[in-house]
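This report refers to the structure that appears directly beneath it.
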Number of protein chains: 2
Amino acid sequence: MVRKPTSRETARKPNMREAILAAAEELFATNGFNAVSVRDIAHAAGANPGSVTYHFKTKDGLLLEIYRRHCGPMNLRRSELLAAARHVRDLQDRLEAIVRAYVVPAFTSGSDLAGGGARFTRLRAVMSAEGNEVARKIIAQTFDDTSHAFIDAIHESLPHIPRTDIVWRSHFLLGALYYSLVTPDRVSRLSRGETDGSDAAAAIEQLVQATAAAFQAPALDQAAPARRRTPASSKT
Amino acid sequence: MVRKPTSRETARKPNMREAILAAAEELFATNGFNAVSVRDIAHAAGANPGSVTYHFKTKDGLLLEIYRRHCGPMNLRRSELLAAARHVRDLQDRLEAIVRAYVVPAFTSGSDLAGGGARFTRLRAVMSAEGNEVARKIIAQTFDDTSHAFIDAIHESLPHIPRTDIVWRSHFLLGALYYSLVTPDRVSRLSRGETDGSDAAAAIEQLVQATAAAFQAPALDQAAPARRRTPASSKT
DNA sequence: ATGTGATTTGTACTATCGTACAAAAGATCA
DNA sequence: TGATCTTTTGTACGATAGTACAAATCACAT
């Protein structure tokens, strides 16, 4: 159990800043932003409340730093995987690879923290639900590029599906992804113990399989809800 | 001057209790539970803070009453629609009808309040994300029956798909449904204005179409992960 | 009109919030 | 070593939180 730490890990333990970030990330992700006090975070990190102010100035600043810490690596990993997925020959395999490129980093990537990816994604889900302003700004300017690239890749693979439909379906994917991380216990409960909802590998495979099928569903013309299904495809 | 309208059932003046409930519902659904103060609610309802205490005793009691108000009608409507959907002949149509039975009441049903269904469902999404204890208890004991009935209906229509997969996919459906109500603006933004994310009818149709396809995706054998269509990625 | 019970108001109490700031403690290097 | 900079601690302040409660007000049967 006792292991000689490498040079990179050595600086971690006494680093109070990192401990605060990790504690805040965990608490925000599970309880929301407003339910967690700066004192809660400091206590969980074994730090003094004043120390949080010193390192991050404000509570918003702390949240901002959490995003800054994760957004870069995660989107980098996504674009790498997406670039590779674009070259897959078989359509079905390519769709799955594209979805995987979007989903996998959300579960595993992030900073070098263990399980940081899933924790950060859950945090994003919660901030989104709470309508957090700090998060909203960062999300729009950081993730929209990635989302568009992902949508474009899907659209290229499924040119007969209107872009609007693909936007909706990718939106559903993100919602499903978020919800899987927010309440994994619900899956365990409803499956009567046959599955562990917090099993990341299982969640990823289920999500990829289901979403790849959803993207391939017949197109929907939404111009007029009362109108029946027609193969009209109008590009504006 | 003011005519007295006979019996006690008449809504003489806007019932303050209802106004408080509506205001709380709206504020909780958009900002979360902890971010909204009792004073905020009272002010939005044009009431006095003390009046909230009088009618609902505590802030938790207020949330509890919101749930009590909506859960019954919504689940009743769901079971009605589900019962009808089970009898649809064509498999594809039946799947869509079942999904619709789950989705439509979440958008439209609820109490007699205008647009109350979507608002309450959004509130549930936010409470779920925040890990609200009051909501968690009610959800588990009120919605699990409905969820099981829904899963059973899908499973009967798709007997070759393992129940576990259906649980996952219905979980994704709920996540997608929640997310559509939480951040409809994201759909508008990503579609570059081609679609209005807050258009309930469009959201429902997109959700039904995508989810019906997802349920029909090939089964996933996770008990014995020997066979895989795509090469397994050994890297995390 | 008057009494009565149901509501609404105004206010106050205590706890906790985010944040500020000075002093103490470490760390670094001449 | 002492000087200087960084980090941590302890404490305090004003704002606001949830809730309690007495007084004021209202609806309405008598």
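What you see is a predicted model, and the numbers here were worked out from it, not measured in a lab.
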Short side-chain N/O contact from [X] to OP1 or OP2 of [N], under 4.0 Å:
{"X": "A/N48", "N": "D/dT8", "value": "no"}
{"X": "B/Y54", "N": "C/dT8", "value": "no"}
{"X": "A/S37", "N": "C/dC17", "value": "yes"}
{"X": "B/H55", "N": "C/dT8", "value": "yes"}

Checklist entry - Are there more than 12 heavy atoms of other residues, nucleotides or ligands under 6.0 Å from atom CZ of B/R77? => result no

In whole angstrom, give the distance that lies between atom [atom1] of [X] and atom [atom2] of [N].
{"X": "B/H43", "N": "D/dA17", "atom1": "NE2", "atom2": "P", "answer": "13 Å"}
{"X": "B/R17", "N": "D/dC26", "atom1": "CZ", "atom2": "C1'", "answer": "19 Å"}
{"X": "A/L27", "N": "C/dG18", "atom1": "CG", "atom2": "C1'", "answer": "16 Å"}
{"X": "A/F33", "N": "C/dG18", "atom1": "CZ", "atom2": "C1'", "answer": "10 Å"}
{"X": "B/N15", "N": "C/dA6", "atom1": "CG", "atom2": "P", "answer": "15 Å"}
{"X": "B/N34", "N": "D/dG18", "atom1": "CG", "atom2": "P", "answer": "9 Å"}
{"X": "A/R39", "N": "D/dC13", "atom1": "CZ", "atom2": "C1'", "answer": "11 Å"}

Checklist outcome for this item: Between B/V52 and A/K59, the residue closer to the 5' end of DNA chain C by nearest nucleotide is B/V52

Checklist entry - Which part of the nucleic acid does B/S51 contact within heavy-atom distance under 4.0 Å: base, sugar-phosphate only, or nothing? => result base

Checklist entry - Does A/Y67 have its ring centroid less than 6.0 Å away from the ring centroid of A/F120? => result yes

Checklist entry - Aromatic ring centroids of A/Y178 and B/Y179 under 6.0 Å? => result yes

Item to check | Shortest non-hydrogen contact between A/M16 and A/S51, atoms and distance | outcome: CG-OG, 4.3 Å

Checklist entry - Should the pair B/W168 and B/F172 be assigned to parallel (<30°), tilted (30 to 60°) or perpendicular (>60°) ring geometry? => result tilted

Checklist entry - From C/dA20, D/dA17, C/dC17, pick the nucleotide closest to the side chain of A/K57? => result C/dA20

